[in-house]
Amino acid sequence: MDNMVCIWNVWSRDKKKACVLNFHNAAVKDVKWSQQGNFLLSCGYDCTSRLIDVEKGMETQVFREDQMVGVIKFHPDNSNLFLSGGSKGHIKLWDIRTGKVVHNYNRNLGSILDVEFTTNRKQFISSSDVSGSNISENSIIVWDVSRQVPLSNQVYVEAYTCPCVRSHPFDPVFVAQSNGNYVAMFSSTPPYRLNKYKRYESHGVSGFHIKCNFSLDGKKLASGSSDGSIYIYDYQSSKVIKKIKAFGQACMDISFHPVMPNVFASCSWDGSVSVFE
């Protein structure tokens, strides 16, 4: 909310900020590392996405929109491309090399809460806010990346907003965190059906934008919770393996370390970030 992006030196004893990047003019909503780790992409309420060279601490490009930008995602196979989604329901695919929009994915959507590429990288999933109406047919949509067309309709028929969607690292499925206080599972191949026999329950969402993530090996799914705990589920059985009471306020997000399988970071509504081993 202070317009800054902070890079932390996780393993130093005094937990120093390695770098503070102050390029946005309003609250920062999302931030992603490039695959090589030398660039950061951030977006926010100033209607921009910004590419930052981390080593030089310099902003290299600004991508401007006519909406607040709430979520960004690099293409998993091509770090010159990224998706952005915003408050007016517009999703754009940008090319960093030209600084221009390659594709627009427009449909009468609420504010975009999350975007995620499917396992085969040819499609992506969008989740949008459905609180403006009781029609949930556009809450989760699967899109064809290259043809700019929605491939699905009414994937999720319950009238709940889903603040987070995540693809399994290997299996042709994706999950969606639902405001119904559970994580739902869907097939990421046509006809993109909801799995009625498997859901991950016990944690609370309670209107927070709580996120979840798969472990690197795909065997576990971890979710934040409105009660300040981290819930770790067995992917296959959907049972809770471990519950960690991490924060006094809602646990908003959890992210596994990209190399070390037993390390994950988590953050709270109170503004604190914790790393667990």
Side-chain angles (χ1 to χ4, degrees), residues 1-10 12 14-74 79-96 99-101 110-116 126-129 131 161 163-164 177 207-211 213 224 226 228 246-255 258 265-275:
M1 298 301 291
D2 58 7
N3 313 354
M4 293 192 292
V5 174
C6 299
I7 300 173
W8 294 86
N9 193 338
V10 176
S12 70
D14 45 4
K15 302 176 182 61
K16 277 191 179 151
K17 285 179 189 170
C19 182
V20 175
L21 305 165
N22 203 351
F23 297 108
H24 283 276
N25 308 317
V28 180
K29 198 72 173 65
D30 197 9
V31 59
K32 296 283 192 297
W33 286 101
S34 66
Q35 278 153 312
Q36 296 78 17
N38 50 351
F39 284 93
L40 270 184
L41 188 63
S42 59
C43 69
Y45 283 90
D46 59 0
C47 303
T48 66
S49 303
R50 295 169 186 262
L51 190 69
I52 295 147
D53 185 315
V54 176
E55 285 178 20
K56 295 177 182 168
M58 282 173 56
E59 182 178 87
T60 59
Q61 267 169 292
V62 182
F63 309 89
R64 300 186 188 281
E65 302 195 31
D66 63 347
Q67 60 177 356
M68 292 186 298
V69 189
V71 60
I72 41 179
K73 181 83 70 172
F74 278 109
S79 54
N80 288 311
L81 301 174
F82 74 90
L83 285 170
S84 72
S87 57
K88 291 186 178 176
H90 302 157
I91 305 166
K92 300 174 190 297
L93 182 70
W94 295 85
D95 191 323
I96 286 167
K100 292 189 174 150
V101 175
S111 179
I112 304 299
L113 302 176
D114 208 0
V115 288
E116 172 78 326
S126 69
S127 175
S128 58
D129 192 350
S131 60
T161 292
C164 170
Q177 178 80 271
F208 288 100
H209 283 199
I210 284 170
K211 309 262 175 86
N213 262 304
S226 55
F247 304 104
Q249 295 185 44
C251 174
M252 299 300 294
D253 199 358
I254 173 162
S255 181
S266 185
C267 62
S268 167
W269 185 251
D270 67 11
S272 60
V273 177
S274 296
V275 177

Minimum heavy-atom distance between C47 and M68, given as atom pair plus value: SG-N, 3.8 Å
Donor-acceptor pair, side chain of D253 and main chain of C267, under 3.5 angstrom: no
Closest non-hydrogen atom pair between C251 and S266, with its separation: SG-OG, 3.0 Å
Sequence-distant partners of D95, side-chain contact (heavy atoms from CB on, under 4.5 Å), two or more places apart: N80, L81, R97, T98, V102
By side-chain hydrogen bond (donor to acceptor under 3.5 Å, both in side chains) - contacts of K32 (at least two apart): D30
Partners passing side-chain contact (heavy atoms from CB on, under 4.5 Å) against V28 (at least two apart in sequence or in another chain): V5, H24, S42
Set of side-chain contact (heavy atoms from CB on, under 4.5 Å) partners for M4, sequence neighbours left out: D2, V20, N22
Side-chain donor or acceptor of S79 paired with backbone N/O of S34 under 3.5 Å: no
Residue list, side-chain hydrogen bond (donor to acceptor under 3.5 Å, both in side chains) with S111, at least two apart or on another chain: none
Partners meeting side-chain hydrogen bond (donor to acceptor under 3.5 Å, both in side chains) with E59 (sequence neighbours left out): R50
Sequence-distant partners of E65, salt bridge (charged side-chain N to carboxylate O under 4.0 Å, His left out), two or more places apart: none
Point-to-point distance, once rounded to the nearest 0.5 Å, from OG1 of T60 to CG of L40: 10.5 Å
Residues D129 and T161: side-chain donor-acceptor under 3.5 angstrom: yes
For the student: nearest non-hydrogen atoms of G70 and C43, plus distance: C-SG, 3.9 Å
Contact summary for I72 and S49, nearest pair of heavy atoms: CG2-OG, 3.7 Å
Non-hydrogen atoms of S226 and I210 that approach each other most closely: N-CD1, 3.4 Å
K211: partners by side-chain hydrogen bond (donor to acceptor under 3.5 Å, both in side chains), with sequence neighbours left out: none
D114 versus C164, closest heavy-atom pair with distance: OD2-CA, 3.3 Å
Sequence neighbours excluded, every pair satisfying ring pair (Phe, Tyr, Trp, His ring centres under 6.0 Å) that has a member inside residues 34-68: F63-F82, F63-W94
E55, CD atom: more than 12 neighbouring heavy atoms under 6.0 Å: no
Salt bridge (charged side-chain N to carboxylate O under 4.0 Å, His left out) involving K92 - partner list, sequence neighbours excluded: none
Gap between atom CD1 of I52 and atom CD1 of I7 - 0.5 Å precision: 8.0 Å
